[in-house]
Engineer: 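Encoded as structure tokens, here's the structure I'll be asking about.
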Amino acid sequence: AEGGLPPPETHASATVLCLDVVDFTRQCMAMAPSDVAAWMSGVYTTIEELLHKHALRKIETRGDCYIVCAGTLFCAADRPDTQMSRTVAFAEELSEDLQKSGTKIRVGIAQGPIVVEFIGTHRLAP
């Protein structure tokens with residue numbers, strides 16, 4: 001693919017979960033930048049540990065927004081017949097784990113056809 005990017009992937013049925021941290025901006029305004037970085041590092045570490053456990057694939061992160069999916073056969077355990085139940089279990093477990101440290105999340109889940117593709121021309125901006 002152009003610029004060394006992988007080709008687009010088309011999937012007839014996948015489950016996509018979008019999550020964000022409740023009151024992220026307000027909380028950041030009351031914290032030192034180093035505290036925000038440490039807090040979000042903890043949040044992302046928790047997310048990534050559970051992604052592996054539930055065989056979900058990270059698609060995108062931006063600030064406090066995290067997008068994951070199931071049903072793209074990204075790993076051997078990513079079975080199409082369990083994609084919705086694994087995604088819901090991930091969201092429930094993540095919410096419980098993060099609430100222990102006072103972090104609340106919002107999630108939205110959708111299922112249907114998707115295309116996974118890099119947008120733009122480079123993996124990393126110069």
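Just so you know, these numbers come straight off a predicted model, no measurement behind them.
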Engineer: Sort and list the pairs that fulfil salt bridge (charged side-chain N to carboxylate O under 4.0 Å, His left out) and have at least one residue in residues 103-116, not counting sequence neighbours.
Structural biologist: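 Every salt bridge (charged side-chain N to carboxylate O under 4.0 Å, His left out) pair that includes a residue of residues 103-116, provided the two are not neighbours, is Asp20-Arg106.
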
Engineer: Mind checking whether Glu60 and Arg62 have side chains closer than 4.5 Å, heavy atoms only?
Structural biologist: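 The answer is yes; the side chains approach within 4.5 Å.
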
Engineer: Just jot down the side chain to side chain contact (heavy atoms under 4.5 Å, CB included) partners of Leu73, sequence neighbours excluded, or say none.
Structural biologist: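 Partners of Leu73 under the side chain to side chain contact (heavy atoms under 4.5 Å, CB included) test: Pro80.
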
Engineer: Between Asp78 (side chain) and Thr72 (backbone), is there a donor-acceptor pair under 3.5 Å?
Structural biologist: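 Yes, the answer is positive, given that a donor and an acceptor are paired below the 3.5 Å cut-off.
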
Engineer: Only distances under 3.5 Å count here; give the side-chain donor-acceptor pairs of residues 21-29 to other protein atoms, sequence neighbours excluded, each with its distance to 0.1 Å.
Structural biologist:
residue	atom	partner	partner atom	Å
Asp23	OD2	Arg26	NH2	2.9
Gln27	NE2	Val22	O	2.9

Engineer: Which residues pass the side chain to side chain donor-acceptor pair (under 3.5 Å) test with Thr87, not counting sequence neighbours?
Structural biologist: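 Testing Thr87 for side chain to side chain donor-acceptor pair (under 3.5 Å), a comparison that skips the adjacent residues, returns none.
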
Engineer: Rounded to the nearest 0.5 Å, what separation is found between the CD1 atom of Ile67 and the CD1 atom of Ile59?
Structural biologist: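 Answer rounded to 0.5 Å: 8.5 Å.
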
Engineer: Going by heavy atoms in the side chains, are Ile105 and Val107 under 4.5 Å from each other?
Structural biologist: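 Yes. Closest side-chain heavy atoms under 4.5 Å.
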
Engineer: Enter the distance from Thr45:OG1 to Leu50:CG here, rounded to the nearest 0.5 Å.
Structural biologist: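 CG of Leu50 is found 11.0 Å from OG1 of Thr45.
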
Engineer: Taking atom types as modelled, find out whether Trp39 and Ser101 have a side-chain donor-acceptor pair closer than 3.5 angstrom.
Structural biologist: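 The criterion, which ignores hydrogens and geometry beyond distance, is not satisfied for Ser101 and Trp39.
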
Engineer: If hydrophobic clusters are built by linking Ile, Leu, Val, Met, Phe, Trp and Tyr wherever their side-chain heavy atoms come under 4.5 Å apart, do Met84 and Leu51 end up in the same one?
Structural biologist: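 Looking at the clustering, Leu51 is in the same group as Met84.
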
Engineer: Report the residues that fulfil side chain to side chain contact (heavy atoms under 4.5 Å, CB included) with Glu117, sequence neighbours left out, ordered by chain and then residue number.
Structural biologist: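 Only Pro8, Val115 meet the side chain to side chain contact (heavy atoms under 4.5 Å, CB included) criterion with Glu117.
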
Engineer: For Glu49, what residues pass the side chain to side chain donor-acceptor pair (under 3.5 Å) criterion, not counting sequence neighbours?
Structural biologist: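 So Glu49 forms no side chain to side chain donor-acceptor pair (under 3.5 Å) with any residue.
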
Engineer: The criterion is side chain to side chain contact (heavy atoms under 4.5 Å, CB included); which residues satisfy it with Ala38, sequence neighbours excluded?
Structural biologist: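 With sequence neighbours excluded, Ala38 shows a side chain to side chain contact (heavy atoms under 4.5 Å, CB included) to no residue whatsoever.
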
Engineer: Would you please name every residue forming a side chain to side chain donor-acceptor pair (under 3.5 Å) with Thr46, sequence neighbours left out?
Structural biologist: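 Expected list: none.
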
Engineer: Which residue pairs pass the ring pair (Phe, Tyr, Trp, His ring centres under 6.0 Å) test when at least one of the two sits in residues 48-97, sequence neighbours left out?
Structural biologist: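 Every pair satisfying ring pair (Phe, Tyr, Trp, His ring centres under 6.0 Å) with a residue in residues 48-97: Tyr44-Tyr66.
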
Engineer: Taking side chain to side chain donor-acceptor pair (under 3.5 Å) as the test, write out the residues that go with Ser95, two or more places apart.
Structural biologist: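 If we apply the side chain to side chain donor-acceptor pair (under 3.5 Å) test to Ser95, skipping adjacent residues, the hits are Gln99.
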
Engineer: Say you draw a straight line from NZ of Lys53 to CG of Leu94; how long is it, rounded to the nearest 0.5 Å?
Structural biologist: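 Nearest 0.5 Å value for the NZ-CG distance: 11.0 Å.
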
Engineer: Ignoring hydrogens and angles, tell me if any N or O in the side chain of Ser41 forms a donor-acceptor pair with the backbone of Ala37 under 3.5 Å.
Structural biologist: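 Checked: no pair found.
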
Engineer: Val68, Val43: one ILVMFWY side-chain cluster at the under-4.5 Å cut-off?
Structural biologist: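 Result: yes, single cluster for both.
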
Engineer: Name all residues meeting the side chain to side chain contact (heavy atoms under 4.5 Å, CB included) criterion together with Ser85; count only those two or more places apart in sequence or in a different chain, and write none if there are none.
Structural biologist: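 Ser85: side chain to side chain contact (heavy atoms under 4.5 Å, CB included) contacts with Thr82.
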
Engineer: Give, for atom CG of Leu19 and atom CD1 of Ile109, the distance between the pair rounded to the nearest 0.5 Å.
Structural biologist: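 If I round to the nearest 0.5 Å, the distance is 10.0 Å.
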
Engineer: In residues 9-18, what donor-acceptor pairs under 3.5 Å come from side-chain atoms, sequence neighbours left out?
Structural biologist:
residue	atom	partner	partner atom	Å
Glu9	OE1	His11	NE2	3.0
Glu9	OE1	Arg57	NH1	2.9
Glu9	OE2	Arg57	NH2	2.8
Thr15	OG1	Gln83	OE1	3.1
Thr15	OG1	Gln111	NE2	3.1

